[in-house]
Q: 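Sharing a structure here in structure tokens format.
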2 protein chains.
Amino acid sequence: MVRAGLTTGRLVRAGAELADEAGFDQVTLSALARRFDVKVASLYSHLRNSHDLRSRIALLALEELADRAADALAGRAGKDALGAFADVYRDYAREHPGRYTAARYRLDPETAAASAGVRIAQMTRAVLRGYDLSEPDQTHAVRLLGSVFHGYVDLESAGGFSHSAPDSQASWTWIVDALDTLLRTRPTP
Amino acid sequence: MVRAGLTTGRLVRAGAELADEAGFDQVTLSALARRFDVKVASLYSHLRNSHDLRSRIALLALEELADRAADALAGRAGKDALGAFADVYRDYAREHPGRYTAARYRLDPETAAASAGVRIAQMTRAVLRGYDLSEPDQTHAVRLLGSVFHGYVDLESAGGFSHSAPDSQASWTWIVDALDTLLRTRPTP
DNA sequence: CCATTTGCCTATAGGCTTTAGGAAAATGCA
DNA sequence: TGCATTTTCCTAAAGCCTATAGGCAAATGG
């Protein structure tokens, strides 16, 4: 009985690949076991259950997203930073649709609090530091950016903007420009 | 053998209620059969399969959303219309979280083209008629609004904005104000 | 080198989807 | 009204998924 060399990390990485290839909702312990040519029950030595697997993929995705964002923001400020940050979201979602879906998987509050999601929130605030916003406006702006980026990427991945002019890239650029303008010319209630 | 009086419509409405109570991903033929005290196989006389059920719930949700939007927009224009339209989304998602999730269920292209989603898109353009945008800006703006509304509501329903100041209503109002300002002062690339 | 831990297995049970085929209720037409 | 047809719901069964219990063999370490 030769061992397959399973580890939690290897399973999670394979799960992330599976998510990108087949969709996050196709990430099952059965599919994963098949991929490693192993019986399903064997996975339970490394993962508590299938929720555990999905959560870990979500954490991996958040880490990757945060790492990319950190890279992209290094040495940038103002609109430059805003655009780079926005592109990190969109590019990640396009390159890794399954992982991106995973990143929005509902985590228990403590898990979420210990996740890279916190880093992402901090970086969003860092981007906004290039604009002249004081509380509570800054928090409103954080929520606006989160909504736009997430919403756009979600609609785009659902095919909402394909097969219609103008192409998605043009809208994306326009929207980032618009957000920059908006944040510079402090919104007036 | 007394008949239960199943119809496709009744099943779909019950499925929508189930979605709101337990979550859209808990909408299964099994759960539905249980709710009608009927065997699962019986449902296949009224629904092709479980994807068919979910699609029909999605169509129902889109209809309801479009009807609400039509009501809300009647007699309104400009920022007034924008705010009312925005609130329709948010209120519907808060009152019917399962249905709202359903409204974003991936439909086959032809089904989507025949759905109330088309009406919603038209109404979005109607709202923008209150602003002075010509193509392709108008399309960009349609996509921006869709992204913000959808993204915000999604993050809010995921609990993203709860338990932190300022409260979600304040951010929502701020964001609608900001979008109005943005659309009035034509964005400059 | 042997005891312990670890990794993977078989067996089993329960839930969801889907199809096939059958019987009773409702319907409709002569 | 009576009988044929259609419709509705059923039982049975197969396939795939999650999850737990208990066992044997491989790795590890004193």
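A, B, ... follow the sequence lines: proteins, then strands. Residue 1 opens every chain. These numbers come from the heavy atoms of this one structure, side chains and all, not from hydrogens, waters or symmetry mates.
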Q: Rounded to the nearest angstrom, tell me the gap between atom CZ in Arg10(B) and atom P in dT8(D).
A: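 Taking CZ of Arg10(B) and P of dT8(D), I get 12 Å after rounding.
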Q: With sequence neighbours left out, what residues match Glu156(A) under side chain to side chain contact (heavy atoms under 4.5 Å, CB included)?
A: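 Testing Glu156(A) for side chain to side chain contact (heavy atoms under 4.5 Å, CB included), a comparison that skips the adjacent residues, returns Arg90(A), Arg94(A), Tyr152(A), Phe161(A), Ser168(A).
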Q: Between Asp154(A) and Tyr100(A), do the side chains contain a donor N or O and an acceptor N or O under 3.5 Å apart?
A: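 Judged by distance alone, the side chains do not pair up.
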Q: Can you check the Leu32(B) CG to dG15(C) C1' distance for me, whole Å?
A: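 One finds 16 Å between C1' of dG15(C) and CG of Leu32(B), rounded.
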Q: Given atom NZ of Lys39(A) and atom P of dC8(C), what is their separation to the nearest angstrom?
A: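 Roughly 14 Å, once rounded to whole Å.
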Q: Taking the side chain of His46(B) as its heavy atoms from C-beta onward, which of dC8(C), dT8(D), dC10(D) lies nearest to it?
A: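 The closest nucleotide is dT8(D).
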Q: Round to a whole Å and report the spacing from CG of Asp25(A) to C1' of dC17(D).
A: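 One finds 14 Å between C1' of dC17(D) and CG of Asp25(A), rounded.
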Q: Does Phe24(A) have its ring centroid less than 6.0 Å away from the ring centroid of His96(A)?
A: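 Here the rings of His96(A) and Phe24(A) have centres that are no less than 6.0 Å from each other.
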Q: Do the side-chain N and O atoms of Ser171(A) and His140(B) include a donor-acceptor pair separated by under 3.5 angstrom?
A: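 The criterion, which ignores hydrogens and geometry beyond distance, is satisfied for His140(B) and Ser171(A).
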Q: Could you list all N or O pairs between the protein and nucleotides 18-20 of chain D that sit under 3.5 Å apart?
A:
| from | atom 1 | to | atom 2 | distance (Å) |
| --- | --- | --- | --- | --- |
| dT18(D) | OP1 | Leu29(A) | N | 3.2 |
| dT18(D) | OP2 | Leu29(A) | N | 3.2 |
| dT18(D) | OP2 | Ser30(A) | N | 2.9 |
| dT18(D) | OP2 | Ser30(A) | OG | 3.1 |
| dA19(D) | OP2 | Tyr44(A) | OH | 3.3 |
| dA19(D) | OP2 | Ser50(A) | N | 2.8 |

Q: Report yes if a side-chain nitrogen or oxygen of Ser42(A) is closer than 4.0 Å to either non-bridging phosphate oxygen (OP1 or OP2) of dC9(C); otherwise report no.
A: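 It does, given that an N or O in the side chain of Ser42(A) lies less than 4.0 Å from OP1 or OP2 of dC9(C).
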Q: Roughly how many Å is it from CG in Leu43(B) to P in dC16(C), rounded to a whole number?
A: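 After rounding, the reported distance stands at 12 Å.
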Q: Looking at Glu21(A), Glu64(A), Glu17(A), which hits salt bridge (Lys or Arg N to Asp or Glu O under 4.0 Å) with Arg99(A)?
A: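 Only one of Glu21(A), Glu64(A), Glu17(A) forms a salt bridge (Lys or Arg N to Asp or Glu O under 4.0 Å) with Arg99(A), namely Glu64(A).
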Q: Side chains of Arg143(B) and Thr139(B): any donor to acceptor distance under 3.5 Å?
A: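 Thr139(B) vs Arg143(B): no donor-acceptor pair found between side chains.
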Q: Using whole Å, report how far CG of Asp52(B) lies from P of dT19(C).
A: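 Going from Asp52(B) (CG) to dT19(C) (P), I get 12 Å.
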Q: Starting from P on dG15(C), measure out to CZ on Arg34(B) and report it in whole angstrom.
A: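 Value for this atom pair: 8 Å.
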Q: Grab the CG-C1' distance between Leu11(B) and dT7(D) for me, whole Å please.
A: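 Spelled out: CG on Leu11(B) to C1' on dT7(D) is 15 Å.
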